[in-house]
Amino acid sequence: MPMYGDLGNKLVQHAKRTQNLQHLPAYQTELVRSVAREVRDLDREVASLLEPFQDSFDPAAEQATACTLLVNHMSMRRNKRCLLAYHRTRTDKLEELVWSGSDLLDLAGQQAGPGAANSMNGPGDSNSSSSLSPQEEDYVRQYGDLLAAYKGHWTDIDLTGSLEPPRDLFIDVRVLKDAGEIQTEYGAINLTKNSQFYVRQGDVERLIAQGYLQKLG
Amino acid sequence: MSYYDIDSILTDAEKIPCTFQLDVPELGYLDNNPGQTLKAGARVALPLWLAELLAITSAGGSDDQTKSYVAFDLPPALRNDVVQALKAEPLAVPLRDQSAHFYSLATHMMDLSEEPELSTTLRKTFVKRAAEIALHARKLGGGAGKGDEGSNLGVGGAGEEFLRGLDEWERRLFRKAHDGTKAGKEWMEKIKKY
């Protein structure tokens, strides 16, 4: 027997699963919409229950109605909490992703199939829509801007850089995705897929974090 | 227990048996009878988020003593036979089968009603099980470098059985103990290298 709050619970179960995942699963547009609809239905019911009383409702005299109102109110509050917690779990995850340097493009690509990052044009991605809602995409963009502005205060330290002290100044890398040409102290390098380079670690750290390059050895 | 805490929200979805104390015409759907009156005395399993407030809000009876909308009982997970089994041997009870959020459900229930004996039993249960959890976590974390694959090393079938029966809180404890041991070991090895 479905009852009020069941859909919200489903949403929270999604959030629970999200917590243990590396990537961000697709946004539950339908479910979110249904929960919001449920809240509106409940609100309408409350309004129609209260209508005959004209602002003179006495809970002690109308116990049964008061009880119904309380149940409806609690259901709405429950749904609100579920909705907020679901979105909060996702934004937490998004912030984490922004800090770790994944860019929005990657996030959109993830939805086709986590782990299949190199089959961007595979047959499975006919519906290559993002796993983020439009609002979340906006959030990521603005949060990224904020982070960039914050980092701008310190030019000599990279806040999102690796905390591991480098063992070697130069490393071998393999190119996983075409990344175009980059400029280094030692001239330009053209990063085409499957090629290998011996480069200065500091020059390519971000590209490694973004998944364009793979560190070897 | 924050407002946004997922586990706390899931705990609130656990159902507890309630008995309605008055007729409510509009709430028949709670007892599978939409459109019918929910009669006083009807027994319905309500999620905690709903039952809690219905139980502590007084209906404001004008005449006699104030009564609440519903009376509630302890949920099946805290049945007497479960508690007795915990008293006898805490390690032998798979708490997860009772409820995935066993402890937080129990603490919630104890907020609602005084259960001094239950509280003592649960405290003893946790202490005894926590020691066992720590033991398993150390065994796995200290074993083969790769954490989760180590589960078939050193731990017998009984251990796995026990670990499967952990509730959500205990699982977190296990994971922390496990990760801690592992990180400590990695750190020690790194020190040796330099």
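Every chain is numbered from 1 and lettered A, B, ... according to where its sequence line falls, protein lines coming before strand lines.
For the pair B:Asp179 and B:Lys182, the salt-bridge criterion is not met [side-chain N within less than 4.0 Å of a carboxylate O]. With salt bridges taken as basic N to acidic carboxylate O contacts below 4.0 Å, none links A:Arg40 and A:Asp43.
In this structure, A:Tyr139 and A:Tyr143 have parallel ring planes: the angle between them is below the 30° cut-off, well short of the 60° mark.
Of all the listed residues (A:Arg88, A:Arg78, A:Arg77), the one sharing the greatest number of non-hydrogen pairs under 4.5 Å with chain B is A:Arg78. Heavy-atom pairs under 4.5 Å with chain A were tallied for B:Asp23, B:Leu50, B:Leu38; the largest tally goes to B:Leu50. Between chain B and the residues A:Cys67, A:Gly8, A:Ala64, the most heavy-atom pairs under 4.5 angstrom are made by A:Cys67. Looking only at heavy-atom pairs under 4.5 Å with chain A, the residue among B:Ile6, B:Thr37, B:Leu54, B:Val24 that has the most is B:Ile6.
Both the sub-6.0 Å distance and the 45° axial angle are not jointly satisfied by A:Arg200 relative to the ring of A:Phe170. Relative to the six-membered ring of B:Phe102, B:Arg96 misses at least one condition, a distance below 6.0 Å or an angle of at most 45° to the axis.
Residue contact with chain A, scored on non-hydrogen atoms closer than 4.5 Å, involves the side chain of B:Asp7 exclusively. Proximity to chain A (any heavy atom under 4.5 Å) is restricted, for B:Glu168, to the side chain, taken from C-beta onward. If you measure heavy-atom distances from A:Thr89 to chain B, the contacts under 4.5 Å come from the side chain alone.
The local environment of CH2 in B:Trp187 is sparse, with at most 12 non-hydrogen atoms from other residues, nucleotides or ligands closer than 6.0 Å.
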